[in-house]
J.: 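Pasting in a structure now, in structure tokens, and then I'll have a few things to ask.
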Amino acid sequence: MSTAAERRAAESGAGEAGAWLDMYRAMTTIRLFEEHVNDLYRGAKMPGLAHLYIGEEAVAVGVCSALRRDDYITSTHRGHGHCLAKGADVARMFAELLGKEAGYCKGKGGSMHIADHANGNLGANAIVGGSTGIATGAAFSAKQRGTDQVAVCFFGDGALGQGILYEVMNMASLWSLPVVYVCENNLYNEYTHYLEVTAGAILDRPRAFGIHAVEVDGQDVRAVHAAAEELVARARRGDGPSFLLCNTYRQHGHHVGDVDRAYYRSKAEEQEWQGARDPIALLGGWLVDQGVADAETLAALETAARDEIERGLEFALAAPFPEPGEVTDDVFA
Amino acid sequence: MSTAAERRAAESGAGEAGAWLDMYRAMTTIRLFEEHVNDLYRGAKMPGLAHLYIGEEAVAVGVCSALRRDDYITSTHRGHGHCLAKGADVARMFAELLGKEAGYCKGKGGSMHIADHANGNLGANAIVGGSTGIATGAAFSAKQRGTDQVAVCFFGDGALGQGILYEVMNMASLWSLPVVYVCENNLYNEYTHYLEVTAGAILDRPRAFGIHAVEVDGQDVRAVHAAAEELVARARRGDGPSFLLCNTYRQHGHHVGDVDRAYYRSKAEEQEWQGARDPIALLGGWLVDQGVADAETLAALETAARDEIERGLEFALAAPFPEPGEVTDDVFA
Amino acid sequence: MSSPSAVRELTIAQAVYEGFAEELRRDERVFVIGEDVAEAGTPFKVLSGLVEEFGPQRIVDSPISEAGIAGLGVGAAMTGLRPVVDIMFGDFLTLVMDQLANQAAKSHYMSGGKLTVPLVLRTTLGATRRSAAQHSQSLQAWVAHVPGLKVVLPSTPYDAKGLLKSAIRDDNPVVFIEDKMDWRVTGPVPEGEYTVPLGVADVKRIGEDVTLVGTSSMVRVCLEAAELLAADGISAEVVDPRTLAPLDEDTLVRSAEKTGRAIVVDEGHRSYGVTAELASVIAERAFYHLDAPVRRLGALDVPVPFSPPLEDQTVPTAERVAEAARELCRRS
Amino acid sequence: MSSPSAVRELTIAQAVYEGFAEELRRDERVFVIGEDVAEAGTPFKVLSGLVEEFGPQRIVDSPISEAGIAGLGVGAAMTGLRPVVDIMFGDFLTLVMDQLANQAAKSHYMSGGKLTVPLVLRTTLGATRRSAAQHSQSLQAWVAHVPGLKVVLPSTPYDAKGLLKSAIRDDNPVVFIEDKMDWRVTGPVPEGEYTVPLGVADVKRIGEDVTLVGTSSMVRVCLEAAELLAADGISAEVVDPRTLAPLDEDTLVRSAEKTGRAIVVDEGHRSYGVTAELASVIAERAFYHLDAPVRRLGALDVPVPFSPPLEDQTVPTAERVAEAARELCRRS
Ligand SMILES: Cc1ncc(C[n+]2csc(CCOP(=O)(O)OP(=O)(O)O)c2C)c(N)n1
Ligand SMILES: Cc1ncc(C[n+]2csc(CCOP(=O)(O)OP(=O)(O)O)c2C)c(N)n1
Ligand SMILES: [Mg+2]
Ligand SMILES: [Mg+2]
């Protein structure tokens, strides 16, 4: 079975170049999706809150493009990017965010609980660190069942505070499980800088459990993808777990309602990451420099993504809510 | 305020030599106490089970002799040694193990919950890793209250599997708390060798959180004491937490009822640790070699310890049980 | 200087803030630890301002380590401090149950009264916030089941402040649970110093025909239901236990004996929930005075769904409580 | 070959072992993970022998990481395996509540039915073992309060085997709780394959004057009480719900309606415990048939003390149940 990147490259016929263009498209889709989510919130069209992935697109896309459809991921409260990168459909995601029947979870999960089992997404999780055991168990299962599937566990720097992460890394190492722990260090646990709550050096933590650990620039999708390909291959061939530290940044607030951020981070910091360190701009610039694409090609990709998203949103807005009676369905299988 | 070792040295008037003799007496007291506990169990005179400290005496005595009376310790299910080394009275300990009113906890705690607040012992704990937060909190409190007290957290190799240990080590490091984590690696978690359930190198775990970590031969009370003095002084002068790995061995079963052990460890291994590596024999041999004491001196110390213990046991056996009505006392302060 | 009798209208959030500020001023052993409690004043902003007055040593931002901070709180409480451990969402009680139930609740008893744990664990409850299954639970039944814990569920600004001050001064571990949806509710709060004792229920409305026992968020639901019932000529008495442990059984039973009918309403799941205890206490002790069975309304026994039309069905409403009361009053 | 009808006397421990062995043979997706479950066969030795037949890949010794193995179990269950996570003492449920209540119990619902978690969490309950406060709790009320979890409390060898097999085959998370004190209790178990469905109560003794509802260890206590009562000419019916969730309310209510008197007995703490739910279900649904209030007997609301003369008072005994029944029968 081929990875997303391989498949796309083949389809687009353009080999590696096609794969990079495809990642550009995927990152752009996430960006536009999240901007629309923000608008939905600001327009009071979406129930509850959402944690936007804007600025972190290179991590989900770089990692998931190294995965097969039957590989597993577990995600977080900031999960839209992971879900899309693993192959989810924009329309059904919007429908879920709006609590509609047509959503991935029939509206029962919402933003923090989207699961897309068909694409190996075992679910976003609203408990920080709550999916680390699930990803490790999926890897245990893959090994026990004799498949060569790999599980990727996405989590934020804040999850480094949860003891269960160390409990399961210990087991993953002991039993050489095919799991890749992907830490998205976007510098903040909600409103607190990670350095205020994180002692020592992050990479020393997985290493203390005998886990191979690597750090990459999470804004450079090519670097993330290269590292992910290596770590996923490692897991697939039975060489065990690994840890990928991706240094990144959320360009928006902790959630859509977090607009006054001056008390915990500076405008200057935000501007640097929104500008020079924007992952989509970085990839776009590289594609143009390399002559892989020109401005029009990229614009065309963006337009295509925008169309897809607007169609999806239209569908979701028009879609019906679940029947009241469904509230008692799905408690038990 | 002086440490136990200083105090004893002063009292015994023999300076350092007196301190070593005192540790010999303390280790012997623990050994004999535990042998009597084993007899109580075998004679069906003690309710429930107990986890004997025999073979590990050098750890508790080496560490606690570096502490002041107002320093804190937290202990484990294998806690008799810690409790005695921190200054508890033999008679009241026996009384507690027998569920008597005169016990440290009025019989309500028993072997796994002895606490001796007056001597800074915040309690044994029957939850593996369960006291790591308590010790860290005691250190937080000492710092907040501006005292120079130190907290020592005793735990076994099995507690390395509990996530809370990593959560609190992170905070101890961040806030430079005066706590010393003492890991008693006696090679087994109950009936499973620690290497089967512990990935990586133990010392790398505290180090990953920026905690100073040291390893010593847990059978050599002089080595344990020297390391403890340094780490306690470090904490006391505000230089923060540390981790002391003591390699040791329990000469008996996991608990008094664990007599057929062949399925999880070899007789040969037991004999090596019971013989050449017995901590009391090692110290005794050294004392004689150094001319600090001769055989009679040591025999006299043992006799004195035995008398103390037999008197204490007699007292405890004769002591009354709590009044039935006390069952509902002490639920709330 | 304000006279003790002067009264202001405050929100529950303001009352809670005052309770914290006064106790932090009164006793330097008190400190608050939790995620984003300092500069952020918690994500709900209820504590905003405390760190400016009391500093980061006493309003401590922690890592995302619920079990760890609970354990740290237990140790600090045993050794001379009075910690308030802030657990953002009640749903995260799942992570502190060991430190709470096996350590905090049992230390005093296991030590034969030697160790004391004057700890307050502050957290939240409540659904209908569109926060889905892991951020909407009301888990008070779990902690109320643990001997050695006190459990406080304030429903008004006055009670919130007075009960919080009592909780902080109590020498035992106390779980203090605020409703996420009602911080903006206003009510009278005197200027001066006062406390509300733990273990004393409060009759929030006097009535003759049926007793509505409500906890936390459900007190307001019961009061609204009482209004609806009044329109139908049914006089409902509304009783708020205020603390689940200790539970003021007598006040509940007396009211049920008087009215002969009782409905118990709590936002936790119905099965094996708080309503079961309150209803069975009333059914047993008021047995010979009851004209109809005691009814229980709790959250539906389903994980809280995200979709608004589904979520809205999971929580008791004034209309549903009133309907149950009308039904009871038709009976017997 | 043994005929399905052939019956042996087995202990509960032997019956549980058979249930495991048969399901491990029948379905290769089933595996067991826990502390000292392999060579040691758990500290209680109930699983001794499984690792010899099924090997260390399927009988997995874990680190002392309750939360971690529970989480690993959830992920394995979502992806095609059928884990049994062994949690040595029920007291350690405190450490797995997040994985159990926030993950296992909610995943099916939150995913709109997409994810399933066929997980069995096996643990224990029961005091009077002189194990003190952290090794003696009966925490079934906590898990029974969580929608999405099934909760099984077997009381006989026959039920233990049949219910365990159903639990392992169930597509939902099931908490299976064995009484530490009763593994040696014997009873008839047929040779052949059988299962006992979840959600069906069992009348363990038929009677006319009073209904004794008992769970787990308390079923035997109720049966002994029934003997004592028979001597006084009081005919007691003993009903065992067998599963708390789903709960077979009808069988309980029918019995209480028949006898007009009911006593509910569970080894968990009395307040906010299992007895509250069972008693209020009976009191509400059988209201017009009851001649006396429903009585509840649970563990005293104190941490379990170590000292034998104290511990022995904390748990309901046949004599206390009988006395409560006599008292009820004098009433009305
Ligand atoms: C166990 C737990 N504690 C606290 C929270 C509240 N909370 C939600 S997101 C968050 C911060 C998470 O930070 P991080 O893991 O770095 O992810 P990020 O939001 O930065 O992507 C917190 C504390 C939670 N959801 N779960
Ligand atoms: C959280 C928890 N899990 C499991 C147990 C059961 N148990 C009691 S002692 C023990 C082994 C502990 O090993 P270690 O920490 O190395 O201490 P040792 O017995 O070797 O001194 C276990 C698993 C427990 N008491 N607490
Ligand atoms: Mg972050
Ligand atoms: Mg050990």
Side-chain angles (χ1 to χ4, degrees), chain B residues 72 74 96 101 103-110 112-118 120 122-127 129-145 147 149 151 153 162-172 174-175 177 179 322 326 328-333, chain C residues 28-31 33 56-58 60-83 85 95-96 98-99 101-119 146-150 170-174 198-199 245-246:
Chain B
Y72 299 110
T74 63
E96 188 59 36
E101 173 72 30
Y104 272 103
C105 310
K106 304 183 197 162
K108 283 176 170 159
M112 293 203 290
H113 300 292
I114 303 188
D116 175 15
H117 197 259
L122 300 179
N125 207 302
I127 300 298
S131 69
T132 56
I134 294 171
T136 307
F140 180 94
S141 166
K143 185 170 186 179
Q144 189 93 311
R145 289 180 290 108
T147 76
Q149 292 164 289
C153 181
Q162 291 287 315
I164 189 173
L165 172 64
Y166 306 96
E167 296 188 4
V168 297
M169 285 201 299
N170 183 48
M171 290 187 271
L174 285 168
W175 302 328
L177 303 180
V179 54
E326 292 181 38
T328 50
D329 298 345
D330 302 320
V331 177
F332 290 106
Chain C
E28 65 176 10
R29 298 170 302 173
V30 177
F31 73 100
I33 185 167
Q57 297 308 314
R58 296 182 66 196
V60 184
D61 273 337
S62 77
I64 306 173
S65 304
E66 284 77 8
I69 59 177
L72 184 147
V74 175
M78 283 180 178
T79 55
L81 296 183
R82 294 185 160 270
V85 174
L95 294 159
V96 302
D98 191 65
Q99 291 302 313
N102 280 333
Q103 310 300 341
K106 295 177 171 47
S107 293
H108 187 67
Y109 191 86
M110 294 192 302
S111 67
K114 295 265 188 22
L115 300 167
T116 59
V117 184
L119 169 82
V146 180
L149 296 181
K150 297 187 178 182
D170 198 281
D171 284 332
N172 300 286
V174 179
L198 308 185

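Residue numbers begin at 1 in each chain, while the letters A, B, ... track the order of the sequences. No experiment lies behind these values; they were computed from the predicted model shown.
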J.: Below 3.5 Å, can you tabulate the donor-acceptor pairs from side chains in residues 65-76 of chain C to any protein atom, sequence neighbours excluded?
T.:
from, atom 1, to, atom 2, distance (Å)
C/Ser65, OG, A/Gly161, O, 2.6
C/Glu66, OE1, A/Gln162, NE2, 2.8

J.: Which bit of C/Asp171 comes within less than 4.5 Å of chain B, counting heavy atoms only: side chain, backbone, both or neither?
T.: both

J.: Does any backbone or side-chain atom of B/Ile164 lie under 4.5 Å from a heavy atom of chain C? Answer side chain, backbone, both or neither.
T.: side chain

J.: By a 4.5 Å heavy-atom criterion (distance strictly below it), what part of C/Gln57 contacts chain B: side chain, backbone, both, or neither?
T.: both

J.: Using non-hydrogen atoms only, which part of B/Leu165 is less than 4.5 Å away from chain C: side chain, backbone, both, or neither?
T.: neither

J.: Only counting residues at least two apart or in another chain, list the ones meeting ring pair (Phe, Tyr, Trp, His ring centres under 6.0 Å) with C/Tyr109.
T.: none

J.: Give, as side chain, backbone, both or neither, the part of C/Val60 having an atom under 4.5 angstrom from any heavy atom of chain B.
T.: side chain

J.: Counting heavy-atom pairs under 4.5 Å to chain B, which of C/Lys114, C/Lys150, C/His108 comes out on top?
T.: C/His108

J.: Where does B/Asp116 contact chain C at under 4.5 Å (heavy atoms): side chain, backbone, both or neither?
T.: neither

J.: Most heavy-atom pairs under 4.5 angstrom with chain C, which of B/His113, B/Lys143, B/Gln149?
T.: B/His113

J.: Of the backbone (N, CA, C, O) and the side chain (C-beta and beyond), which part of B/Tyr72 lies under 4.5 Å from a heavy atom of chain C, both, or neither?
T.: side chain

J.: If we define contacts as heavy-atom pairs under 4.5 Å, which of C/Pro246, C/Pro63, C/Pro118 has the most with chain B?
T.: C/Pro63

J.: Identify which part of B/Ala138 has an atom lying under 4.5 Å from any heavy atom of chain C, answering side chain, backbone, both or neither.
T.: both

J.: Answer with side chain, backbone, both or neither: which region of C/Ser111 has an atom nearer than 4.5 Å to a non-hydrogen atom of chain B?
T.: both

